[in-house]
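One structure is given below, encoded as structure tokens.
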Amino acid sequence: MDTPKVLISVLNWNNFISTSRTINSIKQLSYVDYELIIIDNNSTDHSINKIHEYYPEFKVLKNTSNLGYAGGHKKRAPKIRGSIFNISF
């Protein structure tokens, strides 16, 4: 039986440390068929640069304004494709 691909999106806004902890936790999953997408909600603290530097293996999508938690995910959801979609904190 094939395992479905799981897409996980993590929203960042001016908080590299919390986002980094979330990413590192996801990287420890035993389930290997996933894609992690980081959505930046127009951070102003350069956290997006650190994410690109420390996690180049993951796709990063940047919103042009802070759309809040739900809005940040909702704007990018149409660009994300997969069998299962999970929104993470």
Linking I/L/V/M/F/W/Y whenever their side-chain heavy atoms sit closer than 4.5 Å, directly or via other members, would [X] and [Y] fall into one cluster?
X    : Y     : result
Val6 : Val32 : no
Leu7 : Ile39 : yes
Ile8 : Ile48 : yes

Determine whether the side chains of Ser65 and Asn42 contain a donor N or O and an acceptor N or O closer than 3.5 Å. no
Asn15: side chain to side chain donor-acceptor pair (under 3.5 Å) partners, not counting sequence neighbours: none
Taking side chain as C-beta onward, heavy atoms only, is [X] less than 4.5 Å from [Y]?
X     : Y     : result
Val60 : His52 : yes
Pro4  : Tyr31 : yes
Ile37 : Leu61 : yes

State which residues pass side-chain contact (heavy atoms from CB on, under 4.5 Å) with Ile23; sequence neighbours excluded, sorted by chain then number. Thr19, Lys27, Leu36, Ile38, Tyr55, Phe58
Those residues at least two apart in sequence (or on a different chain) that pass side-chain contact (heavy atoms from CB on, under 4.5 Å) with Gln28 are none
Please determine whether side chain to side chain donor-acceptor pair (under 3.5 Å) holds for the pair Ser47 and Asn12, giving the CA-CA distance in whole Å, both sets of side-chain angles, and the decisive distance to 0.1 Å. CA-CA 8 Å; Ser47 57; Asn12 176 67; 2.9 Å; yes
Selection residues 38-51 - residue pairs positive for salt bridge (Lys or Arg N to Asp or Glu O under 4.0 Å), sequence neighbours left out: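 Qualifying pairs, neighbours excluded: Asp40-Lys62.
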Out of curiosity, Ser43 OG to Ile51 CD1, how far, rounded to the nearest 0.5 Å? 7.0 Å
Quick check for you: to the nearest 0.5 Å, what is the distance between Glu35 atom CD and Lys59 atom NZ?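 It comes to 5.0 Å.
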Output yes when a side-chain donor or acceptor of Asn41 lies under 3.5 Å from a complementary backbone atom of Leu67, and no otherwise. yes
For Phe16, ring-ring contact (aromatic ring centres under 6.0 Å, His included) partners two or more places apart: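 In terms of ring-ring contact (aromatic ring centres under 6.0 Å, His included), with neighbours along the sequence ignored, Phe16 is linked to Tyr54.
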